[in-house]
Structures are given as structure tokens and as C-alpha cells.
Amino acid sequence: MNDRDAPLRWGIVSTGAIAATVVEDLHRVTEIEVLAVSSRTQTRAEEFAARHRIPRAYADYRLLLADPDVDVVYIATPHAAHHEVAAAALLADKHVLCEKAFTVTAEQARELVDLARERGRFLMEAMWTRFNPLIRRLRDLVSDGVIGDVRTVSADFGFAVPYDPTARLWDAAQGGGALLDLGVYPVSFAHMLLGEPTGIEVHGSLAPNGVDAESGLLLRYPAGAHAMLRSSLTASLHARACVSGTLGRVDLTDPFFRPTEMTVTVHGAEPVVHRLELDGAGYTYQLREVCLRVRAGEVESPHQTHAETVAVLRTVGAALAGLGARVG
Ligand SMILES: NC(=O)C1=CN([C@@H]2O[C@H](COP(=O)(O)OP(=O)(O)OC[C@H]3O[C@@H](n4cnc5c(N)ncnc54)[C@H](OP(=O)(O)O)[C@@H]3O)[C@@H](O)[C@H]2O)C=CC1
Ligand SMILES: O=C1CO[C@H](CO)[C@@H](O)[C@@H]1O
């Protein structure tokens, strides 16, 4: 086996909920060896390592970054810690996959992108939806003109979480609020199909600590095209999405950010249903993409570009400003 065929060695920063799910998908990908995990305590790192078959456990992410055998770092801390950890990882010459919301502000995202390009390291927001095979097919059929010109996109994601200002989803210090955690999926979906909006209207409410609790967004595009997006931590919403064009429409079942069924209805024809049997929990597609791009020496993925990550956070930031929400 030459170096190009050797598995890429990954380190995971965090022992939280999503890290525990994604680690099992990491184990499913043959190009990956899960080498290390870090926590803020040695005990949690060792427990996670033992539970998920990881040979090295560190009590601080800086120790993981100092491990010369780690090639790629997966960052799964709360959003507010993403910028610090990702910057340190890039400075340690690691490739980085960083959870959504990539950072708390567009400015922070821009800084990371500049750093990755300067260091010649791969960097990507873990917007796993983009790599789901049904979403790839949706993009292809839209660009092939199957549903004509896209005029409107709708997408929602929300569930009721009891208010607790110390919990990750509500805590301002951890980047809490509905838009950064949940709304980032509908916003990214609209950007994927229509690009960055020319204007935004927003209506919603704030939690007692000032983070956004719920909102409806109307993204405006040239010639009347638009997206209607909702996110909520106070009410349960269907997580469905619909893309409507002049010749037909595409419906994605709940949850649209990890679809397993997509219906394409072209005017005058019978609806066509596309189904997907998920590989693992659905994260493997993005993990393979990271390996592919790292091996090719690329700094970004064409399916989730740096520019799009920054633009999505600009839209989220404009919506938060429109709501008067507290950020961080
Ligand atoms: N792609 C997806 O489907 C999902 C993505 N996410 C994203 O993943 C991230 C984490 O979410 P989730 O796993 O639910 O959160 P959790 O609170 O469950 O886990 C976060 C972990 O990060 C570590 N941590 C906490 N605070 C800090 C800090 N200040 N600095 C460094 N590490 C810290 C902790 O691990 P330790 O105590 O060991 O240090 C903690 O367990 C969020 O950005 C979220 O948006 C979340 C769910 C699903
Ligand atoms: O990204 C996410 C996907 O879904 C989860 C809930 O089902 C969210 O909490 C999360 O942040």
C-alpha cells in the first residue's frame, strides 16, 4: 500500500451527541482510520475512546492537534467554539471538517477560509445535506431544467425545546438560538437553489436571554423569485422542503436535510418517486467527500464551497439583526 492508499487518520474534537453518531459513520468509511478523540477532561475522552474503538484519547484539543499522526480534524463542539478550534487546527496544518453552524458570524467564517487557503489545508462546513445522493440528484435535475426556472423554495425545521438558558440550544455563550442551529439548514437549502438573496424580510420572537426563539424568513431574489423558510425552538414544524419551478416541482420528505424520499412532479406527467436507503446514519457521503478532496490536494469541495458557507452566514446574520437577536 503506498501513502496515497493509506487511510486518512482522523481526530474528533468533542465527546457530545453528534460526535457519538458521526464516529460510527467514520468507522464505516474504508478510507478513514479514527485515530484520536479529545475532550475537556481525560475521563470523558477515555470513555468515548473505549466506547467507540478509538486508540488515542486526549484531555485537551490542543494535545490532539499536536499529534503529528492526525491528518483530518472533525470539530463537533458547540458553534461558539468552532472558530477557535478550527483556526488552531489549520495553524497546526490539519485538514478540517467543522460542524454547522460553521461559525457564529460570517466574519469569523471568512477568517477561517482565508487561513485555510493560506495554509493550503482543506476546510469544509459539515453541511451533510449537500452530499446526500437525493440532494445531488435534485441539483442535477434542477440544473438540467427538468422543473424549469425555480420560482419558489420552502423549507422548515423546528421543534419545541423547554427554555433553559444554560442548555446549548438556548445559551448565547454557546451560540444558541434557532437560526444558527436549525435555520441554517433551510437557509443553506435556499442558497443551494437560488443563491444569495438580494433582500430579506424576517418576523419572529426572542427568548428571555435575547437569542432567537423562532422566525419566518422571506428571502427575495430577482424578478419575484423567493424562498420562505421557518425555524423554531418553541414549536414543532414539519421538516419538509419543496422546490417549485415553471415546469414542475420537487418535494422532499421530512427530514429534508437528510432525505430518503423525493418526489418529482413535472406538469402533465405522473409523479416520479426517488428513494434512498441511507448508508449508515447519512454522514458517510460527506466523509467520503472530505477524503476525496484531501487526497486530491484541494482546499474546498465544489459541492459546499467556502463562498457559500460565508454567504449563508451573512443571510443568517442579516436575519438575526432584523430580529434584534443577541449573538454570542
Ligand atoms: N450535523 C448534524 O446532524 C448535527 C450537528 N450538530 C452540531 O454539532 C455541534 C455540537 O452539537 P451537539 O453534539 O448536539 O452538542 P453537545 O452539547 O451534545 O456536545 C458538544 C460537546 O462539545 C464539547 N464542548 C462543550 N463546550 C465546549 C467548549 N467551550 N470548547 C470545546 N469543547 C466544548 C463537549 O465535550 P467535552 O465535554 O468532552 O469537552 C460537549 O459534549 C453543534 O455545532 C451542532 O450544531 C448537532 C447535532 C446534529
Ligand atoms: O443539525 C441538527 C440535526 O438535527 C438535530 C435534531 O434532530 C438538531 O438538533 C441538530 O442540530
Side-chain angles (χ1 to χ4, degrees), residues 11-26 36-49 51-52 54 57-65 73-89 96-104 108-109 124-132 155-161 164 166-189 231-233 236-239 254-259 278 280-287 290 304 309 312-313 316 328:
I12 303 172
V13 176
S14 148
T15 59
I18 192 60
T21 301
V22 170
V23 65
E24 294 305 324
D25 273 8
L26 282 160
V37 62
S38 72
S39 166
R40 290 163 303 165
T41 75
Q42 187 67 36
T43 311
R44 275 200 299 276
E46 282 175 9
E47 281 169 4
F48 188 94
R51 201 173 330 122
H52 297 288
I54 303 174
Y58 294 111
D60 190 304
Y61 76 81
R62 294 171 197 86
L63 297 173
L64 181 146
L65 298 182
V73 176
Y74 167 56
I75 300 170
T77 60
H79 333 314
H82 290 175
H83 179 264
E84 176 190 314
V85 180
V96 173
L97 174 67
C98 180
E99 265 307 335
K100 41 61 61 179
F102 188 65
T103 50
V104 171
Q108 288 179 339
M124 192 175 88
E125 173 187 4
M127 184 44 74
W128 56 312
T129 305
R130 297 274 175 118
F131 306 97
N132 175 292
D156 301 324
F157 187 16
F159 43 79
V161 181
D164 170 0
T166 64
R168 181 181 76 73
L169 289 170
W170 292 109
D171 182 6
Q174 296 186 63
L179 270 164
L180 280 170
D181 198 71
L182 310 178
V184 71
Y185 286 110
V187 171
S188 174
F189 187 72
S231 59
S232 181
L233 285 171
S236 166
L237 302 172
H238 281 295
D254 185 339
F256 80 87
F257 54 83
R258 192 217 57 204
L278 272 189
Y283 299 93
T284 49
Y285 312 106
Q286 77 169 353
L287 300 175
V290 176
Q304 175 60 51
T309 289
V312 164
L313 282 163
V316 168

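Start at 1 and go down the list; that is how both ligands and their atoms are numbered.
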Identify all N/O pairs between ligand 2 and the protein with a separation under 3.5 Å and present them as a table of atom names and distances.
unit_1: ligand 2; atom_1: 1 (O); unit_2: Lys100; atom_2: NZ; d: 2.7
unit_1: ligand 2; atom_1: 1 (O); unit_2: Tyr185; atom_2: OH; d: 2.6
unit_1: ligand 2; atom_1: 11 (O); unit_2: Lys100; atom_2: NZ; d: 2.9
unit_1: ligand 2; atom_1: 11 (O); unit_2: Asp181; atom_2: OD1; d: 3.4
unit_1: ligand 2; atom_1: 11 (O); unit_2: Asp181; atom_2: OD2; d: 2.7

* Taking atom types as modelled and ignoring hydrogens, do the side chains of Gln304 and Thr309 form a donor-acceptor contact shorter than 3.5 angstrom? -> yes
* Structure fact -> protein heavy-atom neighbour closest to atom 32 (N) of ligand 1 works out as Thr77 CG2, 3.3 Å
* Asked: NE2 of His79 to CZ of Arg168: how many Å apart, nearest 0.5 Å?
  -> 5.0 Å
* Of the choices Val184, Val22, Ile18, Val13, which has the non-hydrogen atom that lies closest to atom 46 (C) of ligand 1? -> Ile18
* **Pro186 side chain near Phe256 side chain, heavy-atom distance below 4.5 Å** => yes
* Asked: So which protein heavy atom does atom 44 (C) of ligand 1 come closest to, and at what separation?
  -> Lys100 O, 3.4 Å
* Asked: Just wondering, do Leu180 and Leu313 contact through their side chains at under 4.5 Å, heavy atoms?
  -> yes
* Structure fact -> In this structure, CG of Asn132 is separated from CZ of Phe257 (nearest 0.5 Å) by 11.0 Å
* To do: Determine, considering heavy atoms only, which of Gly282, Pro78, Ala80, Gly16 sits nearest to atom 22 (O) of ligand 1.
  => Pro78
* Give the residue and atom name of whichever protein heavy atom lies nearest to atom 29 (N) of ligand 1, and the separation in Å to one decimal. => Ala81 CB, 4.2 Å
* Return yes or no for this condition: an N or O of Arg168 is under 3.5 Å from an N or O of ligand 1. => yes
* To do: Examine ligand 1 and decide if any of its atoms is less than 4.0 Å from a heavy atom belonging to Tyr283.
  => yes
* Asked: Considering only the protein, which heavy-atom contact is closest to atom 21 (C) of ligand 1, and what is its distance?
  -> Ser14 OG, 3.3 Å
* Structure fact -> among protein heavy atoms, the one nearest atom 18 (O) of ligand 1 is Ala17 N, 3.0 Å
* **Test: Glu84 and Arg62 ion pair at under 4.0 Å** => yes
* Does the ring center of Phe131 lie less than 6.0 Å from the ring center of Tyr285? -> no
* Asked: What is the nearest protein non-hydrogen atom to atom 26 (N) of ligand 1, stated with its residue, atom name and distance?
  -> Arg40 NH1, 3.3 Å
* To do: Could you name the option among Ile12, Asp181, Thr15 that has the heavy atom nearest to atom 38 (O) of ligand 1?
  => Thr15
* Structure fact -> Numbered in order shown, the ligand 1 atoms found under 4.0 Å of a heavy atom of Tyr185 are 1 (N), 2 (C), 3 (O)
* Do me a favour and list the nearest non-hydrogen protein atom to atom 10 (C) of ligand 1 with residue, atom name and distance? => Ala76 O, 3.3 Å
* **Flag for Tyr58-Gln42: side-chain donor and acceptor within less than 3.5 Å** => no
* Asked: So, Thr15 and Arg40: side-chain donor and acceptor under 3.5 Å apart, yes or no?
  -> no
* Taking atom types as modelled, find out whether Glu24 and His52 have a side-chain donor-acceptor pair closer than 3.5 angstrom. => yes
* Asked: Got Met124 and Gln286 here, is their nearest side-chain heavy-atom distance under 4.5 Å?
  -> yes
* Go through the structure and list residues passing side-chain contact (heavy atoms from CB on, under 4.5 Å) with Asp171, not counting sequence neighbours. => Ala173, Gln174
* Asked: Is it the side chain (CB and beyond), the backbone, both or neither of Glu99 that lies under 4.0 Å from ligand 1, heavy atoms counted?
  -> side chain
* Side chain to side chain, Leu179 and Val184, heavy atoms closer than 4.5 Å -> no
* Structure fact -> In ligand 1, the atoms that come under 4.0 Å of a heavy atom of Trp128 are 1 (N), 2 (C), 3 (O)
* **Per-atom contacts, ligand 1 versus His82 - under 4.0 Å to a heavy atom** => 43 (O)
* To do: Using a 4.5 Å cut-off on heavy atoms from C-beta on, say whether the side chain of Leu287 contacts that of Trp128.
  => no
